[in-house]
Amino acid sequence: MNLIEELRWRGMIQDIMPGTEDQLKKEMTSAYIGFDPTADSLHIGSLVPILLLVHLQKAGHKPYALVGGATGMVGDPSGKSEERNLLSEDILRKNQEGVKKQLMQYLDFDPSKPNSAEMVNNYDWFKDMSFLHFIRDVGKHITVNYMMAKDSVKKRIEGDTGMSFTEFTYQLVQGYDFYWLYQNKQCKLQMGGSDQWGNIVTGTELIRRKAGGEAFAFTCPLITKADGGKFGKTEKGNIWLDPEKTSPFQFYQFWLNASDEDAKKWIRIFTFLDQQTVDALNADHDSDPAARLLQKKLAAEITTFVHGAEALESALATTAKLFAQADAPAESLSIEDLEGMEGIVKKEIAADKLQAGIDIVSLLAETGIFPSKGEARKMVQGGGISVNRRKVEGVDFKADASLLLHGRYLLLQKGKKNYYLIAAV
RNA sequence: GGGCAAGUAGCCAAGUGGCCAACGGCAACAGACUGUAAAUCUGUCCUCUUCGGAGUUCGGUGGUUCGAAUCCAUCCUUGCCCA
């Protein structure tokens, strides 16, 4: 299977420009994807573009990861119904660094290889460009009519929030990136999410008109969830690639909780397993859906790719303790189990308060698990709180020192999956 | 600069003098069911609360009124049209 066939099978191609496949067959091709420095870490939404670059490199082509230092300052209107807030330069610079560091992990930057990955930042070629230069050399080649026809623009013009000149210009800025890379790095291919199609095409158009060259592009579908929810969001917010922001355990759990339908799609997109393996896995899964083989494999593969084998081990261990032995009484957990659980939130309470006995509502509020007593009370009344894995039956429940595990800890749960370890100090 | 519209909770959106902490939907959280799923059902969903209530809201500010999200004035923001 060649690269395009492979990506097609994986369901990673949405739109593709004619001739792209031939170009990739013909020679080692340089290709790029842009990453937005809107946060100091990438989240799992960026995994697909990263994987595209990885596949590309595996197929022997040369990947460029572009950090959008300049485009980040403008704001991409694609998929946005409203004008974006501009980030300050300080924050952008910090974000660029964070994003850059993460990208380094996933691609092979070994300069001795002809197809080593390279990192570029469009801030480098935009920072010294004058406005006059831009409008004469770039703007002249693209008509407003052309730009207005773009979906991202049309939607905003037809909508009722309008769009600033700055965001309108975005597609030219991004288009120029492609042109610059084409001229300076012989980059002939741009990839991206399907929401980027319009911007990408502006780039190829610019290359054609300004340099008379031919450039190619394809996009991958945006990842969706079968239930229509936003991909990559949970109650705790985004799933980040930075283990400081989203622990490997939480990361693993995110994938494990995928629905069957999603898991079938995602296993092809987010893992490198070949067709045969995936087919076999699917068959096994269907014979016993409750075992969730697909989800387990998916979660294991992607956690290893992002965080490494060791992190996966520890995520698995925590999972076993939290869920596989969920019926086991809390008393059976060792101190190491309690303290070592990843994804558990640690809180403290004064030992003498506990000695005297404290009602559950105050306990929840004082340890900061809930911001107010009112909220804590509502959750207790709704049956959403457990102490030492036993459900708290009512608001008059009192906690005291006799409940302490190993004389030190209370294991508290909000719902099924949110664990808190309260240490008496 | 002129004309016209709009601004209500995280989002969408109803409400046009008292019955309004404000219909409904989405999102979110919890419970039941389950496979740590989906679907479904139930509860919560401005803040605090001794669960009796209390406090602060409907772009901002001032006013009319016993009483304002609702009426008036003014300012701000956004969109459309004209210049």
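Letters A, B, ... mirror the listed sequences (proteins, then strands); counts begin at 1. Heavy atoms only: backbone and side chains are in, while hydrogens, waters and symmetry mates are out.
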*Parallel under 30°, tilted from 30 to 60°, perpendicular over 60°: which one fits the rings of A/Trp266 and A/Phe270?*
perpendicular
*Which residue, A/Tyr252 or A/Val361, contacts RNA chain B at a nucleotide closer to its 5' end, judged by nearest heavy atom?*
A/Tyr252
Please tabulate the protein-to-nucleotide N/O contacts below 3.5 Å involving nucleotides 32-35 of chain B, giving atom names and distances.
residue: B/rA32; atom: OP1; partner: A/Lys391; partner atom: NZ; Å: 3.2
residue: B/rU34; atom: O4; partner: A/Lys416; partner atom: NZ; Å: 2.8
residue: B/rG35; atom: O6; partner: A/Asp260; partner atom: OD2; Å: 3.3
residue: B/rG35; atom: N1; partner: A/Asp260; partner atom: OD1; Å: 3.1
residue: B/rG35; atom: N1; partner: A/Asp260; partner atom: OD2; Å: 3.0
residue: B/rG35; atom: N2; partner: A/Asp260; partner atom: OD1; Å: 2.8
residue: B/rG35; atom: N2; partner: A/Gln295; partner atom: NE2; Å: 3.2

_Between C1' of B/rA38 and CG of A/Leu294, the distance in whole Å_ = 15 Å
*Between B/rU61 and B/rG43, how far apart are the P atoms? Round to whole Å, please.*
37 Å
*asked:* Between B/rC76 and B/rA28, how far apart are the two C1' atoms, rounded to whole Å?
replied: 32 Å
*Sequence neighbours excluded, every pair satisfying side-chain hydrogen bond (donor to acceptor under 3.5 Å, both in side chains) that has a member inside residues 348-364 of chain A*: A/Lys353-A/Glu366, A/Asp359-A/Ser362
*Using both distances under 3.5 Å as the test, list the Watson-Crick or G-U wobble partner of B/rG1, or none.*
B/rC82
*Provide the Watson-Crick or G-U wobble partner of B/rC41, both distances under 3.5 Å; none if there is no partner.*
B/rG31
_How many whole angstroms separate atom CG of A/Leu364 from atom P of B/rU49?_
12 Å
*If only side-chain N and O atoms of A/Lys378 are considered, is one of them under 4.0 Å from the OP1 or OP2 phosphate oxygen of B/rC45?*
yes
*Is the distance between the ring centroids of A/Tyr176 and A/Tyr179 under 6.0 Å?*
yes
*Would you kindly give the NZ-to-C1' distance between A/Lys417 and B/rA30, to the nearest whole Å?*
13 Å
*asked:* I'd like to check the side chain to side chain contact (heavy atoms under 4.5 Å, CB included) partners of A/Gln413; sequence neighbours left out, ordered by chain and number.
replied: A/Ser386, A/Arg389, A/Tyr419
*Any donor-acceptor N/O pair under 3.5 Å between B/rU36 base and A/Gln253 side chain*: yes
*Whole Å only: how far is the NZ atom of A/Lys264 from the P atom of B/rA37?*
18 Å
Enumerate, atom names and distances included, each donor-acceptor pair closer than 3.5 Å involving a side-chain atom of residues 127-140 of chain A, sequence neighbours excluded.
residue: A/Ser130; atom: OG; partner: A/His133; partner atom: N; Å: 3.0
residue: A/His133; atom: NE2; partner: A/Asp137; partner atom: OD2; Å: 3.4

_Between A/Thr277 and A/Asp274, a side-chain donor and acceptor under 3.5 Å_ = yes
*Take atom CD1 of A/Ile358 and atom P of B/rU50, then tell me their distance rounded to the nearest Å.*
13 Å
*N or O in side chain of A/Asn418 less than 4.0 angstrom from B/rC29 OP1/OP2*: no
*Any Lys/Arg nitrogen of A/Lys264 or A/Asp286 sitting under 4.0 Å from an Asp/Glu carboxylate oxygen of the other?*
yes
_My understanding is that only residues two or more places apart in sequence, or in another chain, count here; which of them pass salt bridge (Lys or Arg N to Asp or Glu O under 4.0 Å) with A/Arg390?_
A/Glu331
_Salt-bridge contact A/Lys265-A/Glu261 (side-chain N to carboxylate O under 4.0 Å)_ = no
*Whole-angstrom distance between B/rU47 and B/rA21, as gauged at atom C1'*: 11 Å
_Can you tell me if A/Ser372 touches the phosphate of B/rU49, counting only side-chain N or O atoms and a distance under 4.0 Å to OP1 or OP2?_
yes
Check: protein-nucleotides 51-54 of chain B nitrogen or oxygen pairs below 3.5 Å:
residue: B/rC51; atom: N4; partner: A/Arg377; partner atom: NE; Å: 2.7

*How far does the P atom of B/rA69 sit from the matching atom of B/rG18, given to the nearest Å?*
10 Å
*asked:* I want to verify the glycosidic state of B/rG10; is it syn or anti under the 90° rule?
replied: anti
*For B/rG17, what is the paired nucleotide under Watson-Crick or G-U wobble rules, both distances under 3.5 Å?*
none
_My understanding is that a pair needs two contacts under 3.5 Å, Watson-Crick or G-U wobble. By that rule, which nucleotide pairs with B/rU77?_
B/rA6
_Pairing partner (Watson-Crick or G-U wobble, both distances under 3.5 angstrom) of B/rU50_ = none
_Min side-chain heavy-atom separation A/Val395-A/Gln381 under 4.5 Å_ = yes
*Considering only atom C1', compute the distance from B/rC48 to B/rC81 and round it to an integer number of Å.*
48 Å
*In whole angstrom, give me the gap between the P atoms of B/rA73 and B/rG3.*
14 Å
*What integer number of Å spans the P atoms of B/rA38 and B/rA27?*
12 Å
*Go ahead and name the base partner of B/rC58; Watson-Crick or wobble counts if both distances stay under 3.5 Å, otherwise write none.*
none
*Can you tell if the side chain of A/Glu21 reaches within under 4.5 Å of the side chain of A/Arg8, non-hydrogen atoms only?*
yes
*Using atom P of each nucleotide, how far apart are B/rG52 and B/rU56 to the nearest Å?*
22 Å
*Are A/Glu97 and A/Arg93 close enough, and set up right, to give a salt bridge (Lys or Arg N to Asp or Glu O under 4.0 Å), and what steps lead you there?*
CA-CA 6 Å; A/Glu97 283 312 302; A/Arg93 206 158 304 132; over 6 Å; no
*Rounded to whole angstrom units, what separation is found between the CG atom of A/Leu256 and the P atom of B/rA37?*
10 Å
*Would you mind reading off the distance between A/Phe370 atom CZ and B/rC29 atom P, rounded to a whole angstrom?*
13 Å
*Rounded distance (Å) that lies between atom P of B/rU50 and atom CG of A/Asp396*: 14 Å
